[in-house]
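To keep things clear, I will list the structure first and then write my remarks on it.
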There are 2 protein chains.
Amino acid sequence: MDDNCTVFRTVDLVSKKWTMVILLELYRDGGGPKRYSTIKNEILGITPKVLSTRLKELVKHDLITKEIDVSSFPIKTEYELTEMGIDFIKVIKEIKEWALRWKVDNRVCAQLDCSECNL
Amino acid sequence: MDDNCTVFRTVDLVSKKWTMVILLELYRDGGGPKRYSTIKNEILGITPKVLSTRLKELVKHDLITKEIDVSSFPIKTEYELTEMGIDFIKVIKEIKEWALRWKVDNRVCAQLDCSECNL
DNA sequence: CCGGATCCTCTGCGATACTG
DNA sequence: CAGTATCGCAGAGGATCCGG
């Protein structure tokens, strides 16, 4: 198995730090377009540089789209999952199912069944 | 969403670099126990330090087991997926399915349907 | 020999400040 | 508001070394 393998390269892309969390955030609450600042404020602990970097990667690989509204002030940028990005959410759902089967070690998630994530 | 969320923390664990590739390698060829050197030689590009670190993490979180055979010479260590680890393979399979749906961009994988990964 | 540990380098991430 | 600039540190890459 080397970097000529599709799965290998895909894993390398999506398993970068914060990537799945960002995708999950864009999926929550119905999956509509979300602004940079909204994402940053919802994801606790992420820094602007990393968020910016990840968003660019995701746009480049067509998992999300970026729309800039220049007419408004202040400038409004919105990110949204593509069909391909939405389809990837099922992977994260699978991770959630697995985690709940094997690793439920805190009361909050056990009670809520991770409903906060809207998964 | 913060680090009190089970999904959040699980993603942080499994999305570390090389983790999924290692799990996949332990699943290939029937999923029997495999030696440190075998894993290192099969996964092109991984360094001994990172492999060692990831294996420890995976043992700690019960996704794999480590068995040391002191009686033999040279000493033989073998790693093997636990039931929990095997169950996680379905996540990686889901990633493969997704990759093949959206990202088949090289002939090798398109032809082989990633059969080299035994997925 | 095998299964790592060690040392060093270098990219990547975290934290804060700042700008078009 | 949506990022970039800068700095410091942790983690990954590369080579070598070492105990059993």
Side-chain angles (χ1 to χ4, degrees), chain A residues 1-4 8-9 11-26 32-61 64-81, chain B residues 1-4 8-9 11-26 32-61 64-81:
Chain A
M1 179 161 35
D2 55 27
D3 60 4
N4 189 38
F8 186 100
R9 280 180 293 119
V11 162
D12 238 34
L13 164 68
V14 299
S15 74
K16 291 199 168 193
K17 190 156 190 188
W18 295 111
T19 298
M20 292 204 200
V21 178
I22 293 169
L23 291 174
L24 195 47
E25 177 57 35
L26 286 174
K34 286 194 179 176
R35 311 182 64 158
Y36 178 89
S37 54
T38 306
I39 302 171
K40 186 160 68 68
N41 292 330
E42 290 293 325
I43 302 179
L44 299 179
I46 197 168
T47 58
K49 188 176 69 171
V50 176
L51 177 55
S52 167
T53 306
R54 291 291 168 272
L55 288 172
K56 281 177 190 166
E57 291 170 1
L58 290 171
V59 168
K60 181 182 171 188
H61 290 90
I64 66 175
T65 56
K66 174 180 185 175
E67 290 294 329
I68 309 175
D69 182 2
V70 199
S71 66
S72 68
F73 183 83
I75 287 178
K76 190 169 69 174
T77 335
E78 288 188 318
Y79 297 91
E80 188 170 13
L81 291 174
Chain B
M1 178 162 33
D2 55 26
D3 60 5
N4 189 38
F8 187 100
R9 280 179 294 119
V11 163
D12 238 32
L13 164 67
V14 298
S15 74
K16 291 201 171 194
K17 190 157 192 186
W18 296 110
T19 297
M20 293 203 199
V21 177
I22 293 170
L23 291 174
L24 195 46
E25 178 56 36
L26 287 173
K34 287 194 178 176
R35 310 182 64 158
Y36 178 88
S37 53
T38 306
I39 303 171
K40 186 160 67 67
N41 292 330
E42 289 293 323
I43 304 180
L44 298 179
I46 196 167
T47 59
K49 188 179 70 172
V50 175
L51 177 55
S52 165
T53 306
R54 290 292 166 272
L55 288 172
K56 280 179 192 165
E57 291 169 2
L58 290 171
V59 168
K60 181 181 172 189
H61 289 90
I64 66 175
T65 56
K66 174 181 184 174
E67 289 295 330
I68 307 176
D69 182 1
V70 199
S71 66
S72 69
F73 181 82
I75 286 179
K76 191 169 67 174
T77 22
E78 289 188 316
Y79 297 91
E80 188 171 12
L81 291 174

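Every chain is numbered from 1 and lettered A, B, ... according to where its sequence line falls, protein lines coming before strand lines.
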Can you tell me how far [atom2] of [N] sits from [atom1] of [X], to the nearest Å?
X        : N       : atom1 : atom2 : result
Lys17(A) : dG12(C) : NZ    : C1'   : 11 Å
Tyr79(B) : dG3(C)  : OH    : P     : 8 Å
Ile64(A) : dA2(D)  : CD1   : P     : 13 Å
Lys34(B) : dG3(C)  : NZ    : C1'   : 17 Å
Asp69(A) : dC1(D)  : CG    : C1'   : 12 Å
Ile46(A) : dT16(C) : CD1   : P     : 15 Å
Ile39(B) : dG4(C)  : CD1   : C1'   : 13 Å
Glu42(A) : dA2(D)  : CD    : P     : 14 Å

Residue mapping more 5' on DNA chain C - nearest nucleotide basis, Ile75(A) or Lys16(A):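 This one resolves to Lys16(A).
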
Residue [X], side-chain heavy atoms: nucleotide from [options] that is nearest:
X        : options                  : result
Phe73(B) : dG13(D), dG20(D), dC2(C) : dG20(D)
Arg54(A) : dC13(C), dG3(C), dG4(C)  : dC13(C)
Tyr36(B) : dG4(C), dG13(D), dA2(D)  : dG4(C)
Lys76(A) : dC2(C), dA2(D), dG14(C)  : dA2(D)
Thr77(A) : dA2(D), dG13(D), dT6(D)  : dA2(D)
Pro74(A) : dA12(D), dC13(C), dC1(D) : dC1(D)

Within the 4.0 Å heavy-atom criterion, would you say [X] contacts the bases, only the backbone, or no part of the nucleic acid?
X        : value
Lys66(A) : sugar-phosphate
Lys49(A) : base
Lys56(B) : sugar-phosphate

Considering all heavy atoms of both residues, which atom of [X] and which atom of [Y] are nearest to each other, and what is their separation?
X        : Y        : value
Ile75(B) : Arg35(B) : O-NH2, 3.8 Å
Thr19(A) : Leu13(A) : OG1-O, 4.1 Å
Met20(A) : Val14(A) : CG-O, 3.6 Å
Asp69(A) : Ser71(A) : OD1-OG, 2.6 Å
Lys16(A) : Arg54(A) : CB-NE, 3.8 Å

Tell me whether the rings of Tyr36(A) and Tyr79(A) are parallel (<30°), tilted (30 to 60°) or perpendicular (>60°).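 Rings of Tyr36(A) and Tyr79(A): tilted, 30 to 60°.
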
Please confirm whether the shortest side-chain N or O distance from Arg35(B) to OP1 or OP2 of dG3(C) is below 4.0 Å. yes

Distance below 4.0 Å between Ser37(A) side-chain N/O and dA2(D) OP1 or OP2: yes

Mapping Leu55(A) and Thr53(B) onto DNA chain D by nearest heavy atom, which one lands closer to the 5' end?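 Result: Leu55(A).
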
